[in-house]
Amino acid sequence: MTEEELNIAFDNAYERACNTKIQLPPDLMLHFYAYYKQATHIEGFYTPSGNSQLRNAFKLNALFQVKNLSRKEAKLKYIELVEKYITDI
């Protein structure tokens, strides 16, 4: 898969994930979040923001778990999650 094909597949996967009506469990949503942030964040390490310290702690933990993935690997993992769990489109 070329980089252009990967980017197109990633964008399509993101659209499917954004438009799904499927209610996914919170732990799975954290995987989606971490892979997406790792795939798209460019400068250094991303720090989650929000009003809930507990939610931010879970997000931060998810980010730590994927910090060694390259952007390409994170995109592929994100696409795999969408193909496995987003079945309504």
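Since the structure is predicted, the reported quantities are computational estimates derived from the model, not experimental observations.
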**OP:** Taking the side chain as every heavy atom from C-beta outward, state whether Ile86 and Leu81 have any atom pair closer than 4.5 Å.
**Re:** no
Subject >> CD on Gln23 to CG on Leu28, rounded to 0.5 Å >> reply: 12.0 Å
Original post:
Shared ILVMFWY cluster between Tyr85 and Leu30, side chains joined below 4.5 angstrom?
Top reply: no
Subject >> Contact check, side chains of Gln65 and Asn61, non-hydrogen atoms, under 4.5 Å >> reply: yes
Original post:
Atom CD1 of Ile22 and atom OG1 of Thr87: how far apart are they, to the nearest 0.5 Å?
Top reply: 4.0 Å
Original post:
Where do Ala34 and Ala62 come nearest, in terms of heavy atoms and distance?
Top reply: CB-O, 3.5 Å
Original post:
Counting distance only, does the side-chain N/O of Glu83 pair as donor-acceptor with the main-chain N or O of Glu80 below 3.5 Å?
Top reply: no
Subject >> Non-hydrogen side-chain atoms of Leu63 and Tyr33 separated by less than 4.5 Å >> reply: yes
Original post:
Should Asn7 and Lys75 count as side-chain neighbours, where that means a heavy-atom distance under 4.5 Å?
Top reply: yes
**OP:** Supply the atom-to-atom distance Phe32 CZ to Asp27 CG, rounded to the nearest 0.5 angstrom.
**Re:** 11.0 Å
**OP:** Assess whether atom NZ of Lys77 is packed by more than 12 heavy atoms of other residues, nucleotides or ligands within 6.0 Å.
**Re:** no
**OP:** Drop me the distance from Tyr14's OH to Tyr36's OH, to the nearest 0.5 angstrom.
**Re:** 4.5 Å
Subject >> Between CD1 on residue Ile79 and NZ on residue Lys84, distance to nearest 0.5 Å >> reply: 16.0 Å
Original post:
Do the side chains of Tyr35 and Leu76 get nearer than 4.5 Å, heavy atoms only?
Top reply: no
**OP:** Decide whether Ile8 and Tyr78 are clustered together by the hydrophobic rule: side chain heavy atoms of Ile, Leu, Val, Met, Phe, Trp, Tyr closer than 4.5 Å, transitively.
**Re:** no
Original post:
Which is it for Asn56 and Lys59 under the side chain to side chain contact (heavy atoms under 4.5 Å, CB included) test, yes or no, and what are the steps along the way?
Top reply: CA-CA 5 Å; Asn56 287 343; Lys59 288 179 179 180; 4.3 Å; yes
Original post:
If you take all heavy atoms of Ala74 and Ala39, which pair is closest and at what distance?
Top reply: CB-N, 3.7 Å
Original post:
Taking the side chain from Arg71 and the backbone from Gln38, do they hold a donor-acceptor pair closer than 3.5 Å?
Top reply: no
